[in-house]
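A, B, ... follow the sequence lines: proteins, then strands. Residue 1 opens every chain.
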2 protein chains.
Amino acid sequence: MALIVQKYGGSSVADAESIKRVAKRIVDTRRAGHDVVVAVSAMGDTTDELLELASEVAPIPAPRELDMLLSSGERISMALLAMAIHSMGFEARSFTGSQAGMITDAHHGAARIVDVTPIRLREALDEGAIVIVAGFQGFNRDTRDITTLGRGGSDTTAVALAAALDADVCEIYSDVDGIFTADPRVVPKARKLEVISSEEMLELAANGAKVLYIRAVEYARRHGVLIHARSTFSSTEGTLVVDEARREELSTLFPQLQGDHMEEPVVAGVATDLSQAKITILGVPDIPGKAAEIFKIVAKSGANVDMIVQNISAATTGRTDISFTLPKSDAALALRALAAEQDDVGFESLVHDDQIGKLSVVGAGMRSNSGVSATLFDALSAAGINIEMISTSEIRISVVLRGDDLAEAARAVHTAFGLDGEVDATVYAGTGR
Amino acid sequence: MALIVQKYGGSSVADAESIKRVAKRIVDTRRAGHDVVVAVSAMGDTTDELLELASEVAPIPAPRELDMLLSSGERISMALLAMAIHSMGFEARSFTGSQAGMITDAHHGAARIVDVTPIRLREALDEGAIVIVAGFQGFNRDTRDITTLGRGGSDTTAVALAAALDADVCEIYSDVDGIFTADPRVVPKARKLEVISSEEMLELAANGAKVLYIRAVEYARRHGVLIHARSTFSSTEGTLVVDEARREELSTLFPQLQGDHMEEPVVAGVATDLSQAKITILGVPDIPGKAAEIFKIVAKSGANVDMIVQNISAATTGRTDISFTLPKSDAALALRALAAEQDDVGFESLVHDDQIGKLSVVGAGMRSNSGVSATLFDALSAAGINIEMISTSEIRISVVLRGDDLAEAARAVHTAFGLDGEVDATVYAGTGR
């Protein structure tokens, strides 16, 4: 008998029928002899509808009240889910974030979990009940106010509960079958991975893969939580996201973790991202401290910078160009802030480009294998695709390309690294989160 | 500067526009220098929609989970209302039932308030904030679970808050202008009352008047809370519902309470009620203990009996007939229970009649004035209306008539007691709760 935490997103509980389907799935897990704790998101578009209502009554809603408002969404879904389970003859109890002991800081709208004290959940489990917890929400001990965790909050709730309760696995359900070697909508020959290391998953999530939120993966890694990413709509095994250090230990429970994984491909997957824009600052005086000055301005504007590239200075002018990428939605902030400081910084002009795409190859095997960048550049070159920027980490290489080239590039690179499967992934995977 | 508790029902906060209108009203009260605590219901039909969802996922929803579900409705409206006030430049904070210290027993769906510990509300008031509290809900200390108060719960929340905070007045807003001498839809010449005693209000509410819930009036009376029933849609003064014992003391704050009220009419108002049915049990053996036997059966069925009339036994048969009224919705329960025990009780047959109407005249002056029943019976007789049952209390006389005659009877009685106003009430009163 194991303790299993399951997380169901908004699309899995969008209406009464879906809720009953999820309830049945939970009951099946209980019938198999396991203790079950469920973190659930608000139904379908509830959160967006509540945000819309808020914007109708107040141009800038008070953050404390916005959290109070939004937290009602999970309250509805969790109570309905508990009722549905109850009416199948199983004891189920729902708990709000604060009842579940999800303690956060006081940062409304993007609160961080500081402690989890699941006393009432343990009591309920000891009494044989299935536990349903509102995802996405917590409460702050000092202000005694309700908080919400922000984007991907319910995934984080599930992982935090799994860590606090020392669960055997945290199953994160969505409408896709697991983690793929690439987005099946972009690369039809993408394969589902049985296992991926948490550090690889982090890089994929940070570079455009959307099945898991990076924050939840980080939390899982820090607390040694095994994630199982799988589909609400099928009983197929999904993908295990495992910390390499715990792989051996966990393999008694999960046979797919056994075996010599040193034989695995160097590259685990290819991530694609069309959500970024590029800003180029032309004619920056090539003197020490200019880059620091620029990125201090950008940081103060609230924009999140991803890649940065500085060209070699032309000796004749004493000036250089600096390019960086950032989320499209942050571009206006950064441009406005930079333009306001143009005279102080002394650059010549700003160029904004939102037609870029980013492709990343990720693999823990890169550490011990050379030639990965050569293979990547060869594949792109053979496909006639131009590279605009390059950045690397220990287990990742990312390139910026024209957005229009991104899909073709991803397919070429996927093939070049031997990742292609035999069947089109689109046949059995969903088409979005 | 006074402390004012205000209660707004679902129709007052049905959409974003209504919420902004209510917010403005609250802000105006604050601007006038008062501390304000608001109890608010769920928006429009939210509660019914949530009940519908519940019935879709579970035929008989678990009571604990149903309360968890329903309590989200007020959470939405209170957060939106607080935001709306906030965006008008005033500090506002919303609190759930449990945050507000609304402590109840564990009777899910119809919990009774056992204590109110509004510590956080006092803190917020001391800091100059407008306080918004979720109506209709509380929590139980032992189970630590959310409860709901049942029908009329938000009125009761408001009155309980007013009592616990020692508020100067509890304003209950609805879509009518106050308490009328009769339902203006039935009696167009009904007048709005400036003042009514709480004991009269209790009798009116118990006999069909719908502006205030009887439970809230009872709570107010027990705790000496002054209620002001008024309209969300106008700034006209409504009706003060006052405990006679406190009238003198309160008259410094509310001039309309001054003066010699011994001159007031004997009858305060006429209540009409079409929601009851009559069951007659024919041929009951006229021996001691039979009535007790019958009403034990009815009570056990869960039906709430209102009036009971036993005819004089016909000496020749040794049998008598017993009639009683009860809510139409309880009639099936009672009939089934009685039919099952027919042989044991030994009655001859059951007659069910759901075409009745009940008319009541209520007035504290009845205590010191004779002739009220004579005036009532004369008026009905002059209008050619037959009386089927009569019951009286210290300050009320009720008669059961044919339902089709009820409106005509109410107009005739209203005129006979000198209650008619000069203008049609329908012109300035709303047409329902």
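To the nearest 0.5 Å, atoms CG (L50(B)) and CD1 (I76(B)) are separated by 7.0 Å. If you take CG on D175(B) and OG on S231(B), they are separated by 7.0 Å, rounding to the nearest 0.5 Å.
When heavy atoms are compared at a cutoff of 4.5 Å, L70(B) does not approach chain A at all. A92(A) touches chain B through its backbone: at least one of N, CA, C or O sits under 4.5 Å from a heavy atom, while the side chain does not. For E123(A), the part lying under 4.5 angstrom from a heavy atom of chain B is the side chain only. Using a 4.5 Å cut-off between heavy atoms, Q99(A) contacts chain B through its side chain alone, with no backbone atom that close. Looking at I60(A), there are no atoms closer than 4.5 Å to chain B (heavy atoms on both sides), in backbone or side chain. Contact annotation for I85(A): neither backbone nor side-chain heavy atoms come within less than 4.5 Å of a heavy atom of chain B. When heavy atoms are compared at a cutoff of 4.5 Å, R120(A) approaches chain B solely by way of its side chain, counted from C-beta outward.
Ion pairing of D28(B) with R31(B) is present here, as a side-chain N (NZ or NE/NH1/NH2) and a carboxylate O approach within less than 4.0 Å. K7(A) and D155(A) are joined by a salt bridge, as a carboxylate oxygen and a charged side-chain nitrogen come within less than 4.0 angstrom of each other.
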Q.
Evaluate N140(B) against T104(B) for side chain to side chain donor-acceptor pair (under 3.5 Å), listing each step before the verdict.
A. CA-CA 5 Å; N140(B) 180 263; T104(B) 73; 5.0 Å; no

Q: Apply the test side chain to side chain contact (heavy atoms under 4.5 Å, CB included) to residues L69(B) and R75(A): give CA-CA distance (whole Å), side-chain angles for both, the deciding distance (0.1 Å), then the verdict.
A: CA-CA 6 Å; L69(B) 178 72; R75(A) 223 177 155 93; over 6 Å; no

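Heavy-atom pairs under 4.5 Å with chain B were tallied for A79(A), A54(A), A84(A), A62(A); the largest tally goes to A79(A). Heavy-atom pairs under 4.5 Å with chain A peak, among K20(B), R144(B), H86(B), M88(B), at R144(B).
Judged by a 6.0 Å distance limit and a 45° cone about the ring axis, R64(A) is positioned over the six-membered ring of F95(B).
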